[in-house]
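Notes follow the structure.
Chain letters run A, B, ... following the sequence lines, proteins first and then strands; every chain starts at 1. Quantities reported herein were computed from a predicted structural model and do not represent experimental measurements. All values below come from the heavy atoms of this structure, side chains included, with hydrogens, waters and symmetry mates left out.
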Protein chains: 2
Amino acid sequence: MVMGRPRSFDMDKALDEAMEVFWRHGYDGASLAMLTKAMGIKAPSLYAAFGSKEGLLKAALDRYALRRSEHMRYVLAGPTARDVAERFLSSIAESHTDPANPPGCLLVQGGLACGAGSENIPFELASRRAQTETELLGRFAQAKEDGDLPTDADPVALARFLSTVASGMGVMASSGANRDALRAVASVSLNAFARSGQD
Amino acid sequence: MVMGRPRSFDMDKALDEAMEVFWRHGYDGASLAMLTKAMGIKAPSLYAAFGSKEGLLKAALDRYALRRSEHMRYVLAGPTARDVAERFLSSIAESHTDPANPPGCLLVQGGLACGAGSENIPFELASRRAQTETELLGRFAQAKEDGDLPTDADPVALARFLSTVASGMGVMASSGANRDALRAVASVSLNAFARSGQD
DNA sequence: CAACTTTTATATCGAGTGGTAGATAAGTCT
DNA sequence: AGACTTATCTACCACTCGATATAAAAGTTG
């Protein structure tokens with residue numbers, strides 16, 4: 001049952017705009033003035049809907065995770081560990097240079113270091129990055145059980161390696177690296193992966 | 001010829017303190033209050049010596065580069081391309097987890113995204129990161145001339161790959177990855193490097 | 001319609017921002 | 001010593017920060 005005056009702005013559209021601001025300027029660099037202007041609402045509406053600037057970021061991060069969940073489902077559905085790695089790195093080369101978004105990855109651009117009062121933001125972002133690594137780890141552990149990876153393979157190291165390269169690609173993309181440059185990095189990384197994991 | 005009242009604080013010591021603040025909180029997150037407290041000087045002294053907050057960052061970056069120049073000299077002196085890569089990644093695993101410094105890399109932590117009025121900071125940092133990549137590229141091009149790398153090797157891709165992994169390791173370190181974790185990443189990366197560059 | 005509930009806009013809060021003016025202190029040079 | 005030059009300090013500048021009190025507006029429900 002809904003009562004009272006209905007919200008006059010579209011929640012998801014507003015979150016998409018907020019996401020872009022955080023993506024481009026980081027948490028500290030994204031001022032309320034920027035956010036409210038981009039979202040097309042006033043500060044009191046923002047606080048009524050999200051509670052705080054940090055609450056807004058978390059809502060935007062949830063939406064970001066939702067966007068990427070379908071990609072990750074496809075990645076993890078790769079038939080072999082090597083295919084999974086290839087899908088993972090390729091999709092990142094594409095998404096991190098998608099002109100529809102700011103370059104790089106929100107989970108990296110959002111803030112590796114923050115000022116006083118925002119100390120927990122880097123932890124929040126790190127925790128979300130770690131989720132992807134955990135998903136890869138689970139898939140590689142499965143691959144090992146399946147005999148798809150050799151018995152001496154180290155799924156932890158492989159997942160961590162891919163996660164590290166992904167973050168590095170985020171840094172490169174935010175610095176202006178284009179899609180082909182990221183594809184080349186993915187290609188070299190994949191060679192390393194194959195040697196460590198399979199040969 | 002020196003005239004007038006001499007500076008009463010040690011420039012290099014103050015810069016080391018400023019470096020640590022920028023390293024830990026990023027450019028935007030480092031307030032003048034933090035900086036002046038850490039440096040043990042007042043704002044007017046800071047502005048007289050460095051001109052602006054951005055000038056202070058650049059001075060700290062210069063000092064950071066100075067610190068790492070000896071490491072890079074050792075790295076580039078590696079006898080083979082593979083040795084260079086190994087030295088590069090190993091030294092990063094160590095330096096990014098050196099308890100004497102904040103975790104990660106100043107050139108990454110300093111700010112991938114900034115707020116209004118600091119838009120050029122990410123460019124400045126990216127340009128400094130690119131210098132290392134260029135140095136690696138030069139070394140690998142030399143290796144190719146020497147016949148140390150096969151004729152079909154791609155020095156640009158190899159240098160970019162190592163630079164990307166280095167940035168990724170910076171992200172991981174700032175998220176709490178310990179030295180062994182980074183060493184494992186370096187090890188996997190090195191396998192990929194060898195396969196792409198030499199086998 | 002009237003009672004009720006929630007959202008919205010205006011205006012503003014105290015705290016903190018980067019940066020500076022003016023006076024004083026501390027040294028060097030003739 | 002005395003003139004000169006530079007550094008440092010106190011106090012403060014205009015502005016922006018994230019966040020909110022208040023009241024009007026816009027709906028739903030009886």
Side-chain angles (χ1 to χ4, degrees), chain A residues 1-15 17-19 21-22 24-61 110-111 113-122 124, chain B residues 1-15 17-18 21-22 24-60 110-111 113-122 124:
Chain A
M1 176 163 77
V2 183
M3 287 165 68
R5 176 176 176 177
R7 180 176 289 124
S8 69
F9 65 91
D10 184 278
M11 198 87 167
D12 288 340
K13 281 236 168 229
L15 269 180
E17 298 297 331
M19 189 193 302
V21 175
F22 282 131
R24 186 155 273 137
H25 296 284
Y27 179 79
D28 275 350
S31 69
L32 281 199
M34 281 182 192
L35 290 165
T36 54
K37 180 177 179 183
M39 298 168 79
I41 63 177
K42 307 291 179 177
S45 299
L46 190 160
Y47 279 85
F50 304 103
S52 66
K53 187 185 176 184
E54 185 172 340
L56 174 62
L57 173 71
K58 288 183 179 172
L61 290 177
C114 283
S118 314
E119 292 89 351
N120 46 328
I121 301 298
E124 177 72 29
Chain B
M1 174 161 78
V2 182
M3 287 165 70
R5 176 175 175 177
R7 180 175 288 123
S8 69
F9 65 91
D10 185 280
M11 197 88 167
D12 288 340
K13 281 239 169 226
L15 269 180
E17 298 297 332
V21 174
F22 283 130
R24 186 155 273 137
H25 296 285
Y27 180 79
D28 275 350
S31 69
L32 281 195
M34 281 182 192
L35 290 165
T36 54
K37 180 177 177 183
M39 298 168 79
I41 63 175
K42 308 291 178 175
S45 298
L46 191 160
Y47 279 83
F50 304 103
S52 66
K53 187 184 176 185
E54 185 171 340
L56 174 61
L57 173 72
K58 288 182 178 172
C114 283
S118 315
E119 292 90 353
N120 46 329
I121 301 298
E124 178 72 28

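Rounded to whole Å, the distance from CZ on B:F9 to P on D:dT6 is 16 Å. Distance, B:D10 CG to D:dA7 P: 15 Å, rounded to whole Å. For A:L35 and D:dC17, the CG to P distance is 10 Å, given to the nearest whole Å. A:I41 has its CD1 atom 14 Å from the P atom of D:dG18, to the nearest Å. Note: CG (A:L32) to C1' (C:dT17) measures 15 Å, nearest angstrom. If you take CD1 of A:I121 and C1' of D:dG18, they are 13 Å apart, rounded to a whole angstrom. Atom OH of A:Y27 and atom C1' of D:dC17 are 12 Å apart (whole Å). The distance between atom CZ of B:F22 and atom C1' of C:dG18, rounded to the nearest whole Å, is 12 Å.
Close to D:dA19, at under 4.0 Å from its OP1 or OP2, lies a side-chain N or O of A:Y47. A close approach under 4.0 Å does not occur between any side-chain nitrogen or oxygen of A:K42 and OP1 or OP2 of C:dA9. An OP1 or OP2 oxygen of D:dA7 is reached within less than 4.0 angstrom by no side-chain nitrogen or oxygen of B:S8.
Nucleic acid contact for A:A116: none, since no nucleic acid atom lies under 4.0 Å from a heavy atom of the residue. B:F50 comes within 4.0 angstrom of nothing in the nucleic acid, heavy atoms only.
Taking the side chain of B:A43 as heavy atoms from C-beta on, and the options C:dT20, D:dT8, C:dT7, the nearest nucleotide is C:dT20. Distance from the side chain of A:P44 is smallest to C:dA9 among D:dT10, C:dA9, D:dA19. Across C:dT7, C:dA9, D:dT8, the shortest atom-to-atom separation from the side chain of A:R5 is found for C:dT7. Residue B:S31 places its side chain closer to C:dT17 than to any other of C:dA9, D:dT8, C:dT17.
Atoms NZ and CG, on A:K42 and A:L32 in that order, are 13.0 Å from each other to the nearest 0.5 Å. Between A:L57 atom CG and A:F50 atom CZ the span is 11.5 Å, to the nearest 0.5 Å.
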Candidate pair A:K13 and A:E17, rule side-chain contact (heavy atoms from CB on, under 4.5 Å), full reasoning
CA-CA 6 Å; A:K13 281 236 168 229; A:E17 298 297 331; 5.7 Å; no
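No side-chain donor-acceptor contact under 3.5 Å links B:Y27 to the backbone of B:P122.
Comparing A:K53 and B:L46, the nucleotide of DNA chain D nearest to each residue sits closer to the 5' end for B:L46.
The two atoms that bring B:A59 and B:L15 nearest to each other are CB-CD2, 3.7 Å, heavy atoms only.
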